[in-house]
Enquirer: 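Supplied in structure tokens, the structure appears directly below.
Numbering starts at 1 and runs along the sequence shown. Everything numeric in this text was worked out from a predicted model, so none of it was measured.
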Amino acid sequence: MYIIAGLGNIGKKYENHRHNMGFMVLDAYAKKHDISFTEEKLFVGSVAKVADMTFVKPATFMNDSGLSVKKLLRDPEDSVVVVYDDIDINLGEIKCSFGKSAGGHNGVQSVIDHFGTKEFFRIRVGVRPVHEELQKHILPPHGFENFLLSNFAPQELALVEQGIAKAVTVLEQLGQKTFEEIMNAHN
């Protein structure tokens, strides 16, 4: 069984922010495969189940995402997959990894803290701006934290869709390929 968590912040005002890339990927997967999410208070999130996969969009803010993910984990043999934004990866690109640190991402750190381990698969979707006029927003004094809580610029939308499509492809390969095979194909 796969527990797949898309990380983001709840609420309409956050839905198109860079920090909500995890939610965007799960929504794109659900739309493509005609599945729907239902709010489940027991699991503190919106959940969709299909075959051997359970998808969750935590109904917590990013910094407490691990609470929702942990509530879904019933069997130690379940494989956890976390989908999230990564400011160190260019927009439109993805990277997959297993068992790494949180890399400064508070949502991932919350998952690590709630599980007590970093041994889970990650689909890191790039949100780093590639357009020169936007790159200054991630540098001091602005810092990337505020930039992550902003919407994508119109000129970025094609790259946003490209990154989401790549992440959806990875989700579709779960169960067909090993994590190592997926990492080799997408890194």
Enquirer: Could you tell me whether the side chain of Tyr29 reaches within less than 4.5 Å of the side chain of Ile164, counting heavy atoms only?
Expert: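 A side-chain contact is absent here, since even the closest heavy-atom pair is not under 4.5 Å.
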
Enquirer: How close do Val56 and Gly45 get, counting heavy atoms only, and between which atoms?
Expert: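 Closest approach of Val56 to Gly45: CG2-CA, 4.5 Å.
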
Enquirer: Please check if the number of heavy atoms outside Asp75 that lie under 6.0 Å from its CG is greater than 12.
Expert: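 Atom CG in Asp75 is crowded, with more than 12 foreign heavy atoms closer than 6.0 Å.
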
Enquirer: Keeping the roles fixed (side chain from Ser68, backbone from Phe43), state whether a donor-acceptor pair exists under 3.5 Å.
Expert: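 Side chain of Ser68 to backbone of Phe43: a pair is present.
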
Enquirer: When the ring centroid of Tyr14 is compared with that of His19, is the distance short of 6.0 Å?
Expert: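 No: the rings miss the under 6.0 Å criterion.
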
Enquirer: Same hydrophobic cluster for Ile10 and Val47, using side-chain heavy-atom links shorter than 4.5 Å among ILVMFWY?
Expert: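 Different clusters: Ile10 never reaches Val47 through Ile, Leu, Val, Met, Phe, Trp or Tyr contacts under 4.5 Å.
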
Enquirer: Checking Leu26 against Phe37 for the side chain to side chain contact (heavy atoms under 4.5 Å, CB included) test, could you report, in this order, the C-alpha distance in whole Å, the side-chain angles of both residues, the deciding distance, and whether it holds?
Expert: CA-CA 10 Å; Leu26 266 55; Phe37 284 87; 3.9 Å; yes

Enquirer: Check for me whether the distance between the ring centres of Phe98 and Phe120 falls short of 6.0 Å.
Expert: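 No, too far apart.
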
Enquirer: Apply side chain to side chain contact (heavy atoms under 4.5 Å, CB included) to residues Thr169 and His186 and explain how you reach the verdict.
Expert: CA-CA 10 Å; Thr169 297; His186 294 282; 4.2 Å; yes

Enquirer: Would Met1 end up clustered with Leu72 when hydrophobic side chains under 4.5 Å apart are linked, directly or stepwise?
Expert: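 As far as the 4.5 Å side-chain criterion goes, Leu72 and Met1 are connected within one cluster.
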
Enquirer: Between Arg128 and Glu93, is the closest basic N to carboxylate O distance under 4.0 Å?
Expert: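 Salt bridge between Glu93 and Arg128, a charged N being under 4.0 Å from a carboxylate O: no.
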
Enquirer: With a 4.5 Å limit on heavy-atom distance, are the side chains of Phe121 and Val82 in contact?
Expert: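 Side chain of Phe121 against side chain of Val82, heavy atoms only: no contact under 4.5 Å found.
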
Enquirer: Is Val25 linked to Met183 within one hydrophobic cluster, defined over Ile, Leu, Val, Met, Phe, Trp and Tyr using a side-chain heavy-atom separation of less than 4.5 Å?
Expert: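 Hydrophobic grouping puts Val25 with Met183.
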
Enquirer: Okay, side chain of Glu161, backbone of Ala158: is any donor-acceptor separation there less than 3.5 Å?
Expert: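 Looks like no, no N/O pair under 3.5 Å.
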
Enquirer: Would you say Tyr2's side chain and Gly175's backbone share a donor-acceptor pair under 3.5 angstrom?
Expert: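 Checking the backbone N and O of Gly175 against the side chain of Tyr2, a donor-acceptor pair under 3.5 Å is found.
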
Enquirer: Quick one: does Val83's side chain get under 4.5 Å of Ile4's, heavy atoms only?
Expert: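 Of all side-chain heavy-atom pairs linking Ile4 with Val83, at least one is under 4.5 Å.
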
Enquirer: Can you tell me if Arg122 uses its side chain to pair, donor with acceptor, with the backbone of Ala102 under 3.5 Å?
Expert: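 Flag not set: sc Arg122 to bb Ala102 has no pair under 3.5 Å.
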
Enquirer: Do the non-hydrogen side-chain atoms of Val50 and His33 ever get within less than 4.5 Å of each other?
Expert: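 SC-SC contact between Val50 and His33 ruled out.
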
Enquirer: Between the main-chain N or O of Val44 and the side-chain N or O of Lys71, is there a donor-acceptor pair closer than 3.5 Å?
Expert: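 Not at all, since once roles are kept as given, no pair shorter than 3.5 Å links the two residues.
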
Enquirer: Quick check: does any side chain N or O of Asn187 sit under 3.5 Å from a backbone N or O of Cys96, one acting as donor and the other as acceptor?
Expert: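 Such a contact is found between Asn187 side chain and Cys96 backbone.
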
Enquirer: Do you know which two heavy atoms are closest between Ser110 and Gly66, and how far apart they sit?
Expert: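 Distance-wise, the nearest heavy atoms are OG-N, 2.9 Å.
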
Enquirer: CG of Asp64 to CD of Gln109: how many Å apart, nearest 0.5 Å?
Expert: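 If we round to the nearest 0.5 Å, Asp64:CG and Gln109:CD are 12.5 Å apart.
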
Enquirer: Of Asp85, Asp86, Asp88, which is the lone residue that meets side-chain hydrogen bond (donor to acceptor under 3.5 Å, both in side chains) with Arg124?
Expert: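 Only match with Arg124 under side-chain hydrogen bond (donor to acceptor under 3.5 Å, both in side chains): Asp86.
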
Enquirer: Looking only at heavy atoms, what is the nearest atom pair of Ala28 and Val168, with distance?
Expert: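 What the structure gives for the nearest pair is CB-CG2, 4.0 Å.
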
Enquirer: So, taking the atom named CG in Asp78 and the one named CD1 in Ile3, what distance separates them when rounded to the nearest 0.5 Å?
Expert: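 Going from CG on Asp78 over to CD1 on Ile3, the span is 4.5 Å.
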
Enquirer: If only atom types and distance count, is the side chain of Lys70 paired as donor or acceptor with the main-chain N or O of His114 below 3.5 Å?
Expert: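 Yes; at least one donor-acceptor contact below 3.5 Å.
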
Enquirer: Counting only N and O atoms by type, is there a donor-acceptor contact under 3.5 Å from the side chain of Ser65 to the main-chain atoms of Met62?
Expert: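 Indeed, once roles are kept as given, a pair shorter than 3.5 Å links the two residues.
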
Enquirer: For the residue pair His17 and Phe152, establish whether any side-chain heavy-atom pair is separated by less than 4.5 Å.
Expert: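 Sidechains of Phe152 and His17: no contact.
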
Enquirer: Is the shortest side-chain heavy-atom distance between Ile94 and Ile89 below 4.5 Å?
Expert: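 No; the side chains remain at least 4.5 Å from each other.
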
Enquirer: Starting at NZ of Lys166, measure out to CD1 of Ile123 and round the result to the nearest 0.5 Å.
Expert: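 Interatomic distance, Lys166 NZ to Ile123 CD1, rounded to 0.5 Å: 13.5 Å.
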
Enquirer: OG1/Thr38 to NZ/Lys49 distance, rounded to the nearest 0.5 angstrom?
Expert: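 Atom-to-atom, Thr38:OG1 and Lys49:NZ are 8.0 Å apart.
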
Enquirer: Measure the shortest side-chain to side-chain distance between Leu174 and Met53 over non-hydrogen atoms and say whether it is less than 4.5 angstrom.
Expert: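 The answer is yes; the side chains approach within 4.5 Å.
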
Enquirer: Same cluster for Val170 and Phe179 if Ile/Leu/Val/Met/Phe/Trp/Tyr side chains link at under 4.5 Å?
Expert: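 In one cluster: yes.
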
Enquirer: I need the Met21 CE to Leu148 CG distance, nearest 0.5 Å.
Expert: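 Answer rounded to 0.5 Å: 10.5 Å.
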
Enquirer: If hydrophobic clusters are built from ILVMFWY residues whose side chains come within less than 4.5 Å, do Phe23 and Tyr84 share one?
Expert: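 Cluster IDs for Phe23 and Tyr84 differ.
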
Enquirer: With heavy-atom distances below 4.5 Å as the criterion, would you say the side chains of Lys100 and Val108 are in contact?
Expert: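 Side chain of Lys100 against side chain of Val108, heavy atoms only: no contact under 4.5 Å found.
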
Enquirer: Any donor-acceptor pair under 3.5 Å linking the side chain of Thr178 with the backbone of Glu181?
Expert: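 Yes, because the side chain of Thr178 sits within donor-acceptor range (under 3.5 Å) of the backbone of Glu181.
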
Enquirer: Test your reading of the model: is there a side-chain donor-acceptor pair from Asn20 to the backbone of Asn9, 3.5 Å cut-off?
Expert: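 The answer is yes, because a donor-acceptor pair under 3.5 Å joins these two groups.
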
Enquirer: Measuring from atom NE2 of His131 to atom CG of Leu159, what distance do you get when rounded to the nearest 0.5 angstrom?
Expert: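 So the gap between those two atoms works out to 6.0 Å.
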
